[in-house]
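Counting starts at 1 for both ligands and their atoms, following the listed order. A quick note: this is a predicted structure, and the numbers were derived from the prediction, not measured.
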Amino acid sequence: MGTPRLLLVHAHPDDESLWTGGLTARHVDSGGEADLVMCTWAEGTIRHRELTDAVDILGMPRPPIMLGYADDRRPESAPDAPRLCAASFDDQVRALTEHIRELQPDIVVTYDALGIYGHPDHIHAHRLACAAADAAASTTLYHRAGPAWRVRSLYFATIPEWMMDLLAPSLFPEIPREQLPGTPDSEIDVVVDVSDLAARKKAGVVAHRSEIARSRAIAGFMSLPEELQDRLLGVECYQRRDLVPGGCDLI
Ligand SMILES: [Zn+2]
């Protein structure tokens with residue numbers, strides 16, 4: 001088979017750059033196809049515009065597909081829509097199944113089961129991506145949503161323990177370390193060196209201007225020493241789950 005096709009499923013604009021921007025940029029630079037489904041924030045909002053800029057910086061060939069749900073903590077993200085976590089899960093699985101069947105990705109990338117650090121929207125996006133990848137392969141479920149398509153592997157972005165050890169003293173000094181997340185190396189399947197793409201990834205994060213102005217964690221990250229930022233942005237860690245024997249490797 002040729003170059004694998006990627007589909008990224010994220011909850012919030014900025015996660016695509018922060019957690020998976022290196023993998024995405026490397027994939028498209030190598031001639032691979034990649035698309036992004038964004039679960040929250042409606043088209044026309046400021047965060048949507050910022051996301052479109054970030055996706056351009058990463059080199060994605062098409063604009064993001066917006067599911068248009070509201071962010072769990074930001075009702076203004078989609079004033080006329082329900083919260084992602086409160087809407088019908090079946091409707092969401094059907095909608096994402098339709099995108100998967102149309103785009104025919106070999107690999108779906110999303111968060112790990114904890115949503116990396118426990119954000120309810122991230123956990124929900126993980127569950128949605130898993131359920132839709134399974135559903136898309138069924139020849140009988142949602143049969144009006146296009147012909148069945150088998151995703152070959154799921155990749156779950158995670159934060160390794162060592163990365164949280166480096167971040168915790170500056171970003172979360174008031175939280176005891178054992179209450180912060182972090183995946184041990186033994187539970188990480190794929191480590192992607194994206195150190196040569198750290199600057200582009202950072203430019204993708206910086207495109208989310210309104211979020212940097214609002215979020216203490218993102219602003220805190222951006223004020224870390226440049227050398228530390230580059231080290232943290234230069235590695236991405238994933239858990240891999242194969243849905244067909246042999247699965248699918250990254251480029
Ligand atoms: Zn997020």
Distance-only check: which donor-acceptor pairs under 3.5 Å involve side-chain atoms of residues 123-131, not counting sequence neighbours?
| from | atom 1 | to | atom 2 | distance (Å) |
| --- | --- | --- | --- | --- |
| H124 | NE2 | L84 | O | 3.4 |
| H124 | NE2 | Q92 | OE1 | 2.7 |
| H126 | ND1 | Y111 | O | 2.8 |

Please name the atom of [X], limited to N, O or S, that comes nearest to the Zn ion (ligand 1).
{"X": "H12", "answer": "ND1"}
{"X": "H122", "answer": "NE2"}
{"X": "D15", "answer": "OD2"}

* Asked: Which atom names give the shortest non-hydrogen contact between L36 and H10, and what distance separates them?
  ->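 Of all heavy-atom pairs spanning L36 and H10, the closest is CD1-CD2, 3.8 Å.
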Identify all side-chain donor-acceptor contacts of residues 176-185 below 3.5 Å with residues at least two apart in sequence or on another chain.
| from | atom 1 | to | atom 2 | distance (Å) |
| --- | --- | --- | --- | --- |
| R177 | NE | D165 | OD1 | 2.7 |
| R177 | NH1 | L180 | O | 3.2 |
| R177 | NH1 | P181 | O | 3.4 |
| R177 | NH2 | E161 | O | 3.4 |
| R177 | NH2 | D165 | OD1 | 3.1 |
| T183 | OG1 | T158 | OG1 | 2.6 |

* Asked: Among side-chain atoms of Y142 and D90, is any donor-acceptor pair under 3.5 angstrom?
  ->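 Result is yes, a qualifying pair exists.
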